[in-house]
Visitor: 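Structure in structure tokens, see below.
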Protein chains: 4
Amino acid sequence: MYKIGILGSTGYVGAELSRILSQHKKVELKFLDSRSYVDKKYSQVYPSLKKIVDNKCISADLNRDLEEIDLLFCALPHALSQMAVKNSLEKGKKVVDISADFRIKNPLAYEKWYNTKHEALDELSEAVYGLTEIYANEIKKARLVANPGCYPTSILLPLYPLLKEQMIISDLIIIDSKSGVSGAGRAATDTNVFGQCNENAKAYGIGSHRHIPEIEQELSIAAGKDIMVQFTPHLIPMTRGILSTIYIDNDKNLKDDDIRNILNDYYDNCKFIRILNEDEYPQTKAVYGSNYCDIGFKIDNRTNKIIIVSAIDNLVKGAAGQAIQNMNLMLGFDEREGLEQAPMWP
Amino acid sequence: MYKIGILGSTGYVGAELSRILSQHKKVELKFLDSRSYVDKKYSQVYPSLKKIVDNKCISADLNRDLEEIDLLFCALPHALSQMAVKNSLEKGKKVVDISADFRIKNPLAYEKWYNTKHEALDELSEAVYGLTEIYANEIKKARLVANPGCYPTSILLPLYPLLKEQMIISDLIIIDSKSGVSGAGRAATDTNVFGQCNENAKAYGIGSHRHIPEIEQELSIAAGKDIMVQFTPHLIPMTRGILSTIYIDNDKNLKDDDIRNILNDYYDNCKFIRILNEDEYPQTKAVYGSNYCDIGFKIDNRTNKIIIVSAIDNLVKGAAGQAIQNMNLMLGFDEREGLEQAPMWP
Amino acid sequence: MYKIGILGSTGYVGAELSRILSQHKKVELKFLDSRSYVDKKYSQVYPSLKKIVDNKCISADLNRDLEEIDLLFCALPHALSQMAVKNSLEKGKKVVDISADFRIKNPLAYEKWYNTKHEALDELSEAVYGLTEIYANEIKKARLVANPGCYPTSILLPLYPLLKEQMIISDLIIIDSKSGVSGAGRAATDTNVFGQCNENAKAYGIGSHRHIPEIEQELSIAAGKDIMVQFTPHLIPMTRGILSTIYIDNDKNLKDDDIRNILNDYYDNCKFIRILNEDEYPQTKAVYGSNYCDIGFKIDNRTNKIIIVSAIDNLVKGAAGQAIQNMNLMLGFDEREGLEQAPMWP
Amino acid sequence: MYKIGILGSTGYVGAELSRILSQHKKVELKFLDSRSYVDKKYSQVYPSLKKIVDNKCISADLNRDLEEIDLLFCALPHALSQMAVKNSLEKGKKVVDISADFRIKNPLAYEKWYNTKHEALDELSEAVYGLTEIYANEIKKARLVANPGCYPTSILLPLYPLLKEQMIISDLIIIDSKSGVSGAGRAATDTNVFGQCNENAKAYGIGSHRHIPEIEQELSIAAGKDIMVQFTPHLIPMTRGILSTIYIDNDKNLKDDDIRNILNDYYDNCKFIRILNEDEYPQTKAVYGSNYCDIGFKIDNRTNKIIIVSAIDNLVKGAAGQAIQNMNLMLGFDEREGLEQAPMWP
């Protein structure tokens, strides 16, 4: 049994890591770090995990506690992750970092979008971007994986193959994403209180959301040229799920099969990616609680546009699930280990 | 007191007409027609209206029942509306038709998108499209108003002035709309059952929704040239509300004020249109249960796009409320009569 | 036009007072007091009220600001209300207090359940309990009305007549209430955050909720003897609404008509109380956004129990609506003024 | 690998059986019977199960298809189950019946509450009531298990031990249950359509719900005397979950520990039953998607009542999960096999 620690374990991502790892056959949770709940049982914070994860939360001392583990999940807020990750790597531990700190390869871009300097540049340059299906080979050898953001995961999985294969000429892509409220985190704020969110839909951060540089970086790598996105996130009244609707100029007059073949080529052996049939479109319920990403698309001949729709569970494939999928590769397991739970419907 | 009849009164639009008209000071409900609930009290169908609308539903005989009224709301399904509207006009009654039958001015386009022939061509050519704020003068004189669809209302109100004033050069506009489930109507189907809709978001009818010809017709009229839309409707887990996010190329390098001034020029005297301040975006809760349409926008200098967001209550400004606003003009009342109810929050 | 002020106006009850009063023909809002939003437009706090209530929030100075008004709504937290109400009465202003401070007539009981001493005993003894339909005559003459709690309103309206008419022998009544989340207020907490409340139902404060002494006080007055309640509130995933299910021993072997006749006697002239027919039961949607209280009941001959169900909108009849109904009586208006808005369905 | 068939597999219970069994290591799905979806892939009916359960639905021929399996889940509507179960037993197959047909031991009571004659009396007398934790020994040896109803499961698990140990004297118990909408099944009706259920709470079937004889039968067996229940089910706006609040006279002046000790005695070795600590109460989210039943309680000294609250996922412990738990015992597996998935939060 490999041993695992989680820094910042009492947010929603930590809860989801704990939930999934409790079913994992090859690792065990060694410590759950928390600032707010030290000495409280984890199951008092998340009553769902009573008799399942009853560990007491600790305030981790990296010098002491890293000794006990093989791999660290770092679920701290951005900026705070940098030093914790640096320390862990120096102690020879593998790390999956779930913050944004090691996703943006250009430190100036990081500084501009996150309003903070990057203090761990060596580690940044070493980090592998953890979009599992795309970077599996690099992830297997990585010491540090930067786990992707939730929106980017839903956007990059369908787009990466098409850009890589030069199917898209335009360098501007329009992306309209809808997210459940859990994406806003667990801490109560004016933004995520029930009376504000229920029976409400709204756009936010138009053209300024921090996932933009992450999306553009990876799309540009795929395309081999600079790609820009017009990205609009929306908050809609559900707990889990992201649905992304993507609008692309069909400058190459692609047919349905052109796209389908590429996606199938890339993903046929990927258990967690499902390409839907013609005239079927993803829905977030079809991936609820699971690590799947569903992808559907339509070529509109009237307008000569390609419309792609993707769906993930923002807390699983968009965060904790993909992090565990990455851990599986880093520790030499089958990528599906612990993640085979089928989506819940209804 | 003017007298009003409703054909097809027991769907959600009929219920909303009844709810709002019950507070209207200048009209009274004379008959509520229904196929399924003849002889049942309306308040048995909608218990919310007990002691408010206790009329018995009738199966209307147009020869007999039209005699008693001054204006008819026709809330029948499309195709069924044609003959009912024709008959009513022949008997000298004013009509607000809430189906799609009189919205599409080109009968061939109607036939193509709705798979049925149009049998009331004279009435079609006479009908005024009931987007109240835009066609108020025509509506005042109209005998027949074709009440706009819910999605088109949310889309045309922000776009019409900009196209009319030649602010937009591109002839293709991308529109991503999110609707509450009541838009799918009251009759129970696999599509609107709770277990399917709750905690779910999905796209549907990509590039093929029947509101497309209606939207394109009115945008083309405004622009004085053919405009095409890439329109994607989505179903999200809430009862009421439509949020439309619109993506436009900013080919004329417009500034915030350029757009703001035009919208203000058009809508300053329009009680039900609210232009939000910079960095404020519409949310459906802010218009819940009311006849308001909220409009906000952002010019993204990075991408040179204009992003417009609008919000309406699909059952009020998107259906029954706008129908009553049109009735008010047709009968010579203040357009706000009966519609001043403030939105509910939370 | 009478002039109105609201202390503590930016909570949900204040928002609902503002929403409803914006439609009231006989009063106008003179000031909106707030601690947190001084100098902000009210419509920036509640975007639903843009172009409707654009007053700037002030930090009220009672010496100065009371001069301008005829009646004060005090929506401060309990304990804070006491001095504000005392001052206002001393300045000759009428007050509707929406806190719990003047509901419990016995200051020792107040002290015990609310953990704070009562410092305005004269005013307490003068206060009229504002259950409008029951105490209308007293309210008309009152200077100070203590507006009932939301749960008590839903419970007392059906039970008061039956106890008053000695239909119930047992002195213990079981009450199981289900409330929407807005009852927990607007301030974000672990309890009302979306991720906690959505897709969740729970009981809380079993046998210890602060509405117990208020309910028992009024039931005991009605019965002319001490009545105890076993009261369990529950939080369920909706924004508005309270449904109370009440279990009573049918020791007098009452028939359906015995109960129906009494309720009809009491409430026939009460526009806002609706007694449902046999085999119809209240649902919160039927009163959504309105001042109605729906009451239904069943006599179970198998068990010899009476089961009563009632439904209100917790923010309207359970708070702001009833407060305005009381204001209407205190100022000599028809009790329905400003409150005739029909419930919304769906 | 044991082989399994499901009759009536396309309802919500069938979907949940399929979801859970897809993770079960010791059985495989051999056939999925459906009347409405013959020859359709199961994953076209439930897109969540694409690449997981892609079997084609068949219209089962019991003579042919039973040959292939070891155990049958019968998820047909009541009345229809009788003959299918009889046939299967005659062919020597083990059966878990999820309808109500074999739960009520007294055929006259069955006939009275279900309005249909019982035609499989021998099988009825053989059937073991499948409340797993209580009847585990009988279930292990059973050929036919009658899987309990969802409400009864939530009610019997906390009450059975207390009645068995003679802790309760009164022979009438009040039970107020709140259920998510999935309990009403998958078929779209006026009752479960989104516009009706969302933002709504209501009681139904007061004193007449068909789960009453089932609850009373088992409570009476436990107590060794006739027990009656006043049972009120409610529909609240969530997809999954039942919360039952139970009111009992504390005639024996029990203390917290008296009850706690008995529950612990009965359930300490039961992985799926969790007894909460003092002042903790169950919430449905804590058992979401899992086979757990959470139980909490409060002794109210003021009123001398015991209030018990329990929570289950109606589709798992209340249906498919318990059915699989029973299958596990019948086939000699650990009862937890396939059911260890932790509840989802949020």
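Numbered from 1 within each chain, the chains take letters A, B, ... in sequence-line order.
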Visitor: Please identify, among Leu235(D), Ile206(D), Ile236(D), the residue contributing the most non-hydrogen atom pairs under 4.5 Å to chain C.
Guide: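 Winner by heavy-atom pair count: Ile206(D).
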Visitor: Considering only heavy atoms, which portion of Ile307(D) lies under 4.5 Å from any heavy atom of chain C: side chain, backbone, both, or neither?
Guide: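 The answer is the side chain of Ile307(D).
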Visitor: Could you check whether any side-chain heavy atom of Ile312(C) comes within less than 4.5 Å of a side-chain heavy atom of Gln322(C), counting everything from C-beta outward?
Guide: no
Visitor: Does any heavy atom of chain C fall under 4.5 Å from the side chain of Ile299(D), the backbone, both, or neither of them?
Guide: neither
Visitor: Below 4.5 Å from any heavy atom of chain C, which atoms of Pro282(D) appear? Answer side chain, backbone, both or neither.
Guide: backbone
Visitor: Picking from Ala203(D), Ser208(D), Ala311(D), Gly241(D), which has the most non-hydrogen pairs under 4.5 angstrom with chain C?
Guide: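 Highest number of heavy-atom pairs under 4.5 Å: Ala203(D).
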Visitor: Report the option among Thr284(C), Thr239(C), Thr245(C) that has the most heavy-atom pairs separated by less than 4.5 Å from atoms of chain D.
Guide: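 Ranked by contacts with chain D, first place is Thr284(C).
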Visitor: Top residue by heavy-atom pair count (under 4.5 Å) with chain D, among Tyr204(C), Phe194(C), Tyr281(C)?
Guide: Tyr281(C)
Visitor: Does any N or O in the side chain of Glu280(D) come within less than 3.5 Å of the main-chain N or O of Gly296(D), such that one atom is a donor and the other an acceptor?
Guide: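 Here the side-chain-to-backbone pair does not exist.
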Visitor: What residue, out of Lys178(C), Lys202(C), Met228(C), Lys298(C), has the most heavy-atom pairs lying under 4.5 Å from chain D?
Guide: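 Of the options given, most contacts go to Lys178(C).
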Visitor: Can you confirm if the aromatic rings of Phe231(D) and His211(D) lie within a centre distance of less than 6.0 Å?
Guide: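 His211(D) vs Phe231(D): aromatic centres not under 6.0 Å.
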Visitor: Give, as side chain, backbone, both or neither, the part of Leu172(C) having an atom under 4.5 angstrom from any heavy atom of chain D.
Guide: side chain
Visitor: Is there a side-chain contact between Ile168(C) and Leu159(C), using heavy atoms and a 4.5 Å cut-off?
Guide: yes
Visitor: Cation over ring, Arg186(D) on Tyr46(D), under 6.0 Å and within 45°?
Guide: yes
Visitor: Which region of Asn198(C), side chain (C-beta onward) or backbone (N, CA, C, O), has a non-hydrogen atom less than 4.5 Å from a non-hydrogen atom of chain D, or is it both or neither?
Guide: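 Contact with chain D is through the backbone of Asn198(C) alone.
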Visitor: Let me know if Asp300(C) has heavy atoms under 4.5 Å from chain D in its side chain, its backbone, both or neither.
Guide: side chain
Visitor: Are Asn314(C) and Ser182(C) close enough that a side-chain donor and a side-chain acceptor fall under 3.5 Å?
Guide: yes
Visitor: Is there a donor-acceptor contact under 3.5 Å linking the side chains of Thr232(C) and Tyr247(D)?
Guide: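 Checked: Thr232(C)/Tyr247(D) side chains pair up, N/O donor to acceptor below 3.5 Å.
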Visitor: Which bit of Tyr288(C) comes within less than 4.5 Å of chain D, counting heavy atoms only: side chain, backbone, both or neither?
Guide: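 Side chain only.
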